[in-house]
Amino acid sequence: MALVVQKFGGSSVATAERIMAAARRALRAQQAGNQVIVVVSARGDTTDELIALARELNEHPPAREMDMLLSTGEQVSIALMAMAIQALGQRAISFTGAQIGIVTDSFHTKARIKNISTERIRQALNDGYIVIVAGFQGVDENYNITTLGRGGTDTTAAALAAVMKHEPPGNNEVDCEIYTDVDGVYTTDPRLVPEARKIDYISYDEMLELASVGAGVMHSRSIEFAKKFDIPLHVRSSFSDVEGTWIVAETDWMRDVLVCGAALVRDEARITLENVPNVPGISHRIFSAIAAQNIVVDMIAQNVGSKERTSIGFTVLQNELPAALAVLNTVTAEMGARIEHEENLSKVSVVGTGMRTHAGVAERMFAALADEGINIKMITTGDIKISVLVSKADGVRALRAVHRAFKLHEPAPTLATALPKKPAVAGSQSSRLPISIVSQQLSSMEDIVVSDIALDMDQGRVTVLNLPDEPGSCARIFRDIADAGIVVDLIILNQTSSQKAELSFSVPRQDVERAKEVAQKSASQLSPSTSVVADPDIARIYVMGVGMRTHTGVARRMFGALARRGINISMINTSEVRVSVVVDRDRGEEALACLREAFNVNNNS
Ligand code: ADP
Ligand code: ASP
Ligand code: MG
């Protein structure tokens with residue numbers, strides 16, 4: 001008998017009528033011959049209301065008590081859902097996270113799932129019950145109630161689907177349906193860009209990146225489970241029967257879609273550390289201190305700087321700024337560095353598998369922003385995403401401009417065949433995990449998975465210093481580089497002072513000198529005070545896996561391993577599926593070996 005996991009979000013259980021509609025849906029699935037698990041969120045705006053209430057009493061509510069409070073929202077929903085199903089004449093039983101043994105770590109308000117026991121659920125299903133599970137919550141080893149982070153019910157659903165699929169061992173038939181208030185995943189949030197279009201199929205990697213750069217329709221950690229345990233997710237409307245969006249493993253045709261979607265994070269803050277010593281171990285000290293607080297660092301732009309000193313810019317979510325600054329005060333005092341920060345920033349990103357193999361996406365994105373007169377304050381690129389930081393006032397306009405530039409409002413996918421092909425990076429294809437190791441992963445479900453580590457010695461770096469910090473600068477440079485037929489991969493831009501920015505990008509090694517000349521010419525036309533330096537002697541090392549950015553421990557382990565070997569990191573670049581660092585070329589092989597050792601990845605993987 002097949003199993004269906006149905007997840008209903010807050011708006012899908014907001015009223016008695018909607019709960020009844022969801023109950024009928026669950027019943028239909030059971031009558032079609034399936035066993036059914038229903039995972040529910042808190043009703044409507046309950047979670048927001050509970051947070052507001054807590055803040056009325058205590059400006060900084062303790063995280064443990066916050067979890068105790070917030071978990072009640074889901075508990076209300078499961079009881080009501082079970083009652084609704086019983087009113088329809090069917091057997092149903094509700095369980096909290098603790099009751100079915102969803103064991104998490106103890107990071108209150110953003111706990112990660114360690115394991116789930118299936119015994120009690122199996123028993124109830126076999127007895128003919130529809131099983132109702134509270135989303136978003138678990139319990140740590142000391143029986144403290146924990147929650148998984150906002151939007152975490154998606155993650156409960158995907159984790160349950162994963163565990164039910166693989167326990168008992170075998171390939172049990174499991175469907176996972178995510179019911180929400182939109183009829184699928186759109187090219188961007190339809191509330192912000194009304195011309196956004198529903199996507200029929202999207203790969204795990206694309207959805208993972210999109211969710212992690214702001215597409216609030218799915219909790220990004222749910223996609224980690226989907227990918228790790230190969231659970232296709234069907235995101236669809238709870239108000240209609242129309243086919244929704246399938247989040248599935250990557251297929252060939254997806255590799256030709258340059259950009260599948262765009263997203264906005266409204267409230268980011270940038271921290272700049274000035275006058276940082278340019279010596280091995282610095283990134284490790286800075287980012288491990290932040291990671292220890294479980295704060296996710298978002299964009300990172302390390303300037304090339306001088307031999308002795310450099311500056312490092314990065315962003316965090318606005319609401320994590322105070323905590324990040326508090327940790328950094330101590331670290332920077334030790335280094336003699338200075339901290340600055342800027343608030344009211346938004347991040348706009350585009351995501352698409354086609355970027356792995358085709359160039360030209362960044363150029364088109366920067367041109368669209370330049371045409372709108374929007375200044376780019378920071379740029380970082382990932383394996384399949386490009387993010388830019390803009391002022392908050394420009395955020396939605398920037399998102400719209402980018403959406404239009406990639407013709408995301410048009411029905412046909414934008415195929416990339418006319419664009420230049422990027423040189424392949426060893427191991428850069430997304431690798432699927434062998435099912436044989438799945439059972440081992442069930443005992444530490446949300447642990448980081450690193451699938452491959454690769455070295456690329458075929459790129460060099462060009463850096464433009466003193467670039468005017470104004471709309472159109474980057475668009476101009478990348479247009480000229482593209483016109484010269486040079487393929488750009490990594491791009492990092494960061495403001496260095498109120499008027500200037502530093503731009504670094506990587507190009508194939510044999511094109512470094514030519515790229516330098518082209519960049520020099522266009523930069524000098526933008527401002528006579530610019531200068532361009534080239535470094536053909538770099539090595540890039542990629543660590544690939546799932547959920548790389550949100551697992552704060554990855555960067556820590558990576559930077560730590562390099563620091564212990566005395567290898568200096570000159571560029572860092574993070575995404576959910578790949579973290580890469582640039583080091584000196586003559587340390588490339590050594591860095592590769594030391595990272596393989598740190599992550600226990602052998603040479604043949
Ligand atoms: P639920 O309570 O069902 O989990 P959410 O509010 O978490 O619902 O997610 C659905 C909302 O996500 C939509 O109403 C939409 O405004 C927003 N959203 C953001 N990005 C996207 C996107 N790319 N596609 C669809 N919806 C999106
Ligand atoms: N109720 C929680 C929240 O609002 C979890 C969820 O809805 O997924 O974030
Ligand atoms: Mg949600």
Side-chain angles (χ1 to χ4, degrees), residues 6-14 18-19 21-22 38-52 66-67 69-78 96-97 102 109-111 133-138 145-160 177-200 202 206-223 233-239 244-245 247 259-266 348-352 396 399 402-403 408-409:
Q6 297 185 327
K7 178 255 167 174
F8 293 93
S11 49
S12 309
V13 290
R18 289 188 182 175
I19 294 175
V38 176
V39 183
V40 277
S41 291
R43 297 168 50 233
D45 297 327
T46 306
T47 310
D48 290 328
E49 287 161 11
L50 291 172
I51 293 171
M66 216 46 195
D67 279 352
L69 177 70
L70 296 190
S71 62
T72 62
E74 272 67 15
Q75 194 170 332
V76 170
S77 298
I78 53 171
T96 63
I102 299 187
T109 75
K110 38 185 165 182
V133 177
F136 170 62
Q137 57 176 259
I145 292 178
T146 54
T147 65
L148 309 180
R150 297 304 306 271
T153 302
D154 298 328
T155 293
T156 307
L160 275 170
E177 301 172 341
I178 307 289
Y179 288 95
T180 182
D181 60 358
V182 264
D183 52 13
V185 177
Y186 277 61
T187 46
T188 196
D189 189 342
R191 288 191 215 193
L192 299 178
V193 182
E195 64 269 28
R197 206 175 32 83
K198 188 176 83 186
I199 302 170
D200 294 331
I202 184 168
E206 287 169 326
M207 193 65 233
L208 189 57
E209 291 291 7
L210 261 185
S212 109
V213 295
V217 62
M218 291 299 294
H219 196 226
S220 75
R221 282 162 51 192
S222 66
I223 316 300
L233 302 177
H234 187 189
V235 183
R236 55 192 309 197
S237 169
S238 60
F239 311 131
T245 300
I247 305 171
V259 169
C260 68
L264 175 74
V265 175
R266 274 178 199 271
V348 176
S349 309
V350 294
V351 172
V396 175
L399 178 69
V402 166
H403 193 268
L408 293 178
H409 54 290

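Every number for a ligand or one of its atoms is a count from 1 in the order of the listing. Reckoned from all heavy atoms, side chains included, excluding hydrogens, waters and symmetry mates.
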query: Which atoms from ligand 2 have a heavy atom of S41 less than 4.0 Å away?
result: 6 (C), 7 (O), 8 (O)
query: Which class fits the ring pair H409 and H403: parallel under 30°, tilted 30 to 60°, perpendicular over 60°?
result: tilted
field: Top protein contact for atom 9 (O) of ligand 2, by heavy-atom distance
entry: R150 NE, 2.7 Å
task: Answer yes or no for G10: is there a heavy-atom contact with ligand 2 below 4.0 Å?
output: no
- request: Check T188 against ligand 1 and report side chain, backbone, both or neither, counting heavy atoms closer than 4.0 Å.
  value: backbone
- prompt: Which atoms of ligand 1 sit under 4.0 Å from any heavy atom of R191?
  reply: 13 (C), 14 (O), 15 (C), 16 (O)
Side-chain donor/acceptor of R197 to backbone N/O of L408, under 3.5 Å: yes
task: Under 4.0 Å, heavy atoms only, figure out whether ligand 1 is touched by the backbone of P190, its side chain, both or neither.
output: side chain
message: Can you see whether D67 engages T147 through a side-chain donor-acceptor pair at a distance of less than 3.5 angstrom?
response: yes
- request: Evaluate the 4.0 Å heavy atom contact test for atom 6 (O) of ligand 1: does a protein atom fall under the cut-off?
  value: no
query: At the 4.0 Å heavy-atom cut-off, does S238 count as touching ligand 1?
result: no
message: Is S41 close enough to touch ligand 1? Criterion: a residue heavy atom under 4.0 Å from a ligand atom.
response: no
message: Salt bridge check, D181 against R18: does any charged N sit closer than 4.0 Å to a carboxylate O?
response: no
query: What protein heavy atom sits nearest atom 26 (N) of ligand 1, and how far off is it?
result: V217 CB, 3.5 Å
field: Within-shell test, E74 vs ligand 2, heavy atom, strictly < 4.0 Å
entry: yes
task: Considering heavy atoms of the protein only, find what lies nearest to atom 6 (C) of ligand 2 and give residue, atom and distance to 0.1 Å.
output: T153 OG1, 3.3 Å
query: Hey, does G151 sit under 4.0 Å from ligand 2 if you only count heavy atoms?
result: yes
statement: Going by the 4.0 angstrom heavy-atom rule, the piece of K7 near ligand 1 is side chain
message: Please confirm whether S12 approaches ligand 1 to less than 4.0 Å, judged on its heavy atoms.
response: no
For atom 21 (C) of ligand 1, the option (of V182, L264, L192, D189) bearing the nearest heavy atom: D189
